[in-house]
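Taking it in order: structure first as structure tokens, then the write-up.
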Number of protein chains: 2
Amino acid sequence: MGSMPAQPRSAPASTTSTAGTAGTAGTAGTAAPASSRREQILREAGRLFAERGFHGVGVDEIGAAVGISGPALYRHFAGKDAMLTELLVGISSRLRDGGLRRAAGAEAAGLPPSATLDALIDGHIDFALDDRDLITLHDRELDRLPREERRQVRQLQRQYVELWVAVVRAAHPALPEDQARAAVHAVFGLLNSTPHLSRRALLPDRDTTAALLRRLARAAFTAAAPPPE
Amino acid sequence: MGSMPAQPRSAPASTTSTAGTAGTAGTAGTAAPASSRREQILREAGRLFAERGFHGVGVDEIGAAVGISGPALYRHFAGKDAMLTELLVGISSRLRDGGLRRAAGAEAAGLPPSATLDALIDGHIDFALDDRDLITLHDRELDRLPREERRQVRQLQRQYVELWVAVVRAAHPALPEDQARAAVHAVFGLLNSTPHLSRRALLPDRDTTAALLRRLARAAFTAAAPPPE
DNA sequence: CAGGCGGGTTAGCGGGCGTTAACCTCGGAA
DNA sequence: TTCCGAGGTTAACGCCCGCTAACCCGCCTG
């Protein structure tokens with residue numbers, strides 16, 4: 001825990017001692033190079049926003065979470081809104097791009113639509129299990145964005161949804177489009193449900209959970225087609 | 001069940017005006033038994049909280065939504081927190097009580113566990129489709145409550161979840177408890193997904209949506225059991 | 001060795017919001 | 001008729017919070 005991050009980290013020679021808490025050393029050692037201050041701030045802000053809501057978190061708290069205090073954040077971001085914007089745009093972009101990549105890959109490999117759908121499901125599960133905070137934010141704090149940014153995020157989200165809808169319809173041609181769309185939203189809700197019970201070890205281990213979610217999601221789409229009557 | 005958009009929505013409360021005029025006018029005789037001012041406030045507050053978040057709504061706005069202005073709310077509630085508390089306790093209680101009632105009824109009728117589970121699913125779907133705002137609030141603003149009230153709501157929610165877990169395990173004995181619990185949460189996420197796309201008529205009509213959700217939820221539980229291997 | 005600039009610091013302003021205070025006005029008992 | 005309480009009103013207070021201002025320091029570059 002207390003291990004020094006090795007980085008020089010300007011010694012806070014100044015009085016105050018605010019730095020104390022900083023820690024949490026989240027970073028989870030992603031191989032990614034140099035998690036800059038900026039990214040560190042984004043990570044902590046995302047966590048706090050997910051925990052207590054955008055309006056429920058003050059800039060001083062965000063600063064404290066990374067070991068600096070309050071207004072220093074403005075050296076990195078134009079304001080609190082800008083942090084949320086960057087978080088939400090980033091999430092939506094990653095989801096959409098990842099989905100497009102997987103769908104294109106599956107199609108190029110000549111796999112059937114059902115396998116493409118499975119690839120989308122697996123990708124979303126990875127995201128939901130690995131970035132719980134972001135998933136939470138993503139469908140909870142959208143309305144706190146200024147108009148133009150909100151439009152941008154919504155567009156990305158819509159593209160992601162429509163990608164799924166197209167694949168679902170290819171895999172289950174009997175399903176009408178509006179029901180396919182509703183089913184996609186429902187499965188998103190299903191897959192995104194994990195963040196809510198993240199607290200307390202109520203979940204099985206990651207692999208078991210992932211396998212469970214995969215089974216549930218696939219079965220849901222299969223059942224979405226109207227009953228054979 | 002018309003959504004009753006009515007709500008006279010008083011004009012911008014001109015200054016000065018002698019208070020007198022307002023008087024009893026409001027609440028035009030809704031067939032419902034005396035929707036008191038109190039309930040009217042709760043309804044509007046719930047809608048606003050769901051739309052913009054607890055911290056994103058001011059008391060003046062809530063007042064304006066029911067035709068009175070700001071501090072008049074304090075004749076009916078101890079404060080803003082009290083409104084959220086009453087909303088969340090009410091939702092959680094209704095969910096739990098409705099679940100207990102249906103489960104007891106199904107059991108008394110000698111139905112098999114799978115039929116009991118179906119009854120729970122149908123009940124939850126009705127709630128999710130008819131009280132979207134409340135469903136949204138219920139798993140989104142819990143953390144804005146003061147400590148003690150939050151504990152109370154969480155307890156109600158837990159009882160509801162455990163009721164489902166018991167029924168699921170009776171219906172699917174092969175499913176381990178932790179996975180059953182995770183599946184229950186996942187299905188809640190699935191069923192509660194409808195509020196998110198309520199805006200814009202993206203959904204099929206109510207009956208179609210309800211039938212679709214029912215199919216998805218049942219299939220999910222059936223698929224939750226580990227693969228036969 | 002100078003100097004600028006990246007990245008910190010504290011102090012403080014301005015606005016918004018929850019809440020309280022003081023006051024008003026009815027409708028319905030006593 | 002009087003009075004009182006329920007349910008409004010506006011004014012205002014105090015706090016919190018986002019953001020700006022003014023200042024400071026150490027590293028890297030010329």
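Predicted, not measured: the structure shown is a model, and the values here were computed from it. Below, read A as the first sequence line, B as the second, and so on, with proteins coming before strands; counting in each chain starts at 1.
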| message | Test your reading of the model: is there a side-chain donor-acceptor pair from B:Arg38 to the backbone of B:His76, 3.5 Å cut-off? | response | yes

| message | Looking at B:Gln152 and B:Thr85, would you say the former's side chain and the latter's main chain have a donor-acceptor pair under 3.5 Å? | response | no

| remark: Looking only at heavy atoms, the pair that brings A:Leu212 and B:Ala183 closest together is CD2-N, 4.1 Å

| task | Describe, in one word, how the ring planes of A:Tyr160 and A:His124 are oriented to each other, choosing from parallel (under 30°), tilted (30 to 60°) and perpendicular (over 60°). | result | parallel

What is the separation between atom [atom1] on [X] and atom [atom2] on [N], rounded to the nearest whole Å?
{"X": "A:Gln40", "N": "C:dG8", "atom1": "CD", "atom2": "C1'", "answer": "14 Å"}
{"X": "A:Asp60", "N": "C:dG12", "atom1": "CG", "atom2": "P", "answer": "16 Å"}
{"X": "A:Ile41", "N": "C:dG7", "atom1": "CD1", "atom2": "P", "answer": "10 Å"}
{"X": "B:His55", "N": "C:dG18", "atom1": "NE2", "atom2": "P", "answer": "10 Å"}

| task | Would you please say whether a donor-acceptor pair under 3.5 Å links the side chains of B:Gln40 and B:Arg37? | result | yes

Out of [options], which has the shortest distance to the side chain of [X]?
{"X": "B:Val59", "options": "C:dG18, D:dG8, D:dG18", "answer": "C:dG18"}
{"X": "B:Tyr74", "options": "D:dG18, C:dT20, C:dT9", "answer": "C:dT20"}
{"X": "A:Pro71", "options": "D:dA21, D:dT9, D:dG18", "answer": "D:dA21"}

| Hey, are B:Asp131 and B:Arg43 close enough for a salt bridge, meaning a charged N less than 4.0 Å from a carboxylate O? | no

| Does B:Arg75 get its side chain close enough to the base of D:dG8, under 3.5 Å, for a donor-acceptor pair? | yes

| task | Pull out every residue in residues 76-84 of chain B that has a heavy atom closer than 4.0 Å to any atom of DNA chain D, ordered by number, or say none. | result | B:His76

| query | Start at the 5' end of DNA chain C and walk down; is the nucleotide closest to B:Gly70 or to A:Gly70 reached first? | reply | A:Gly70

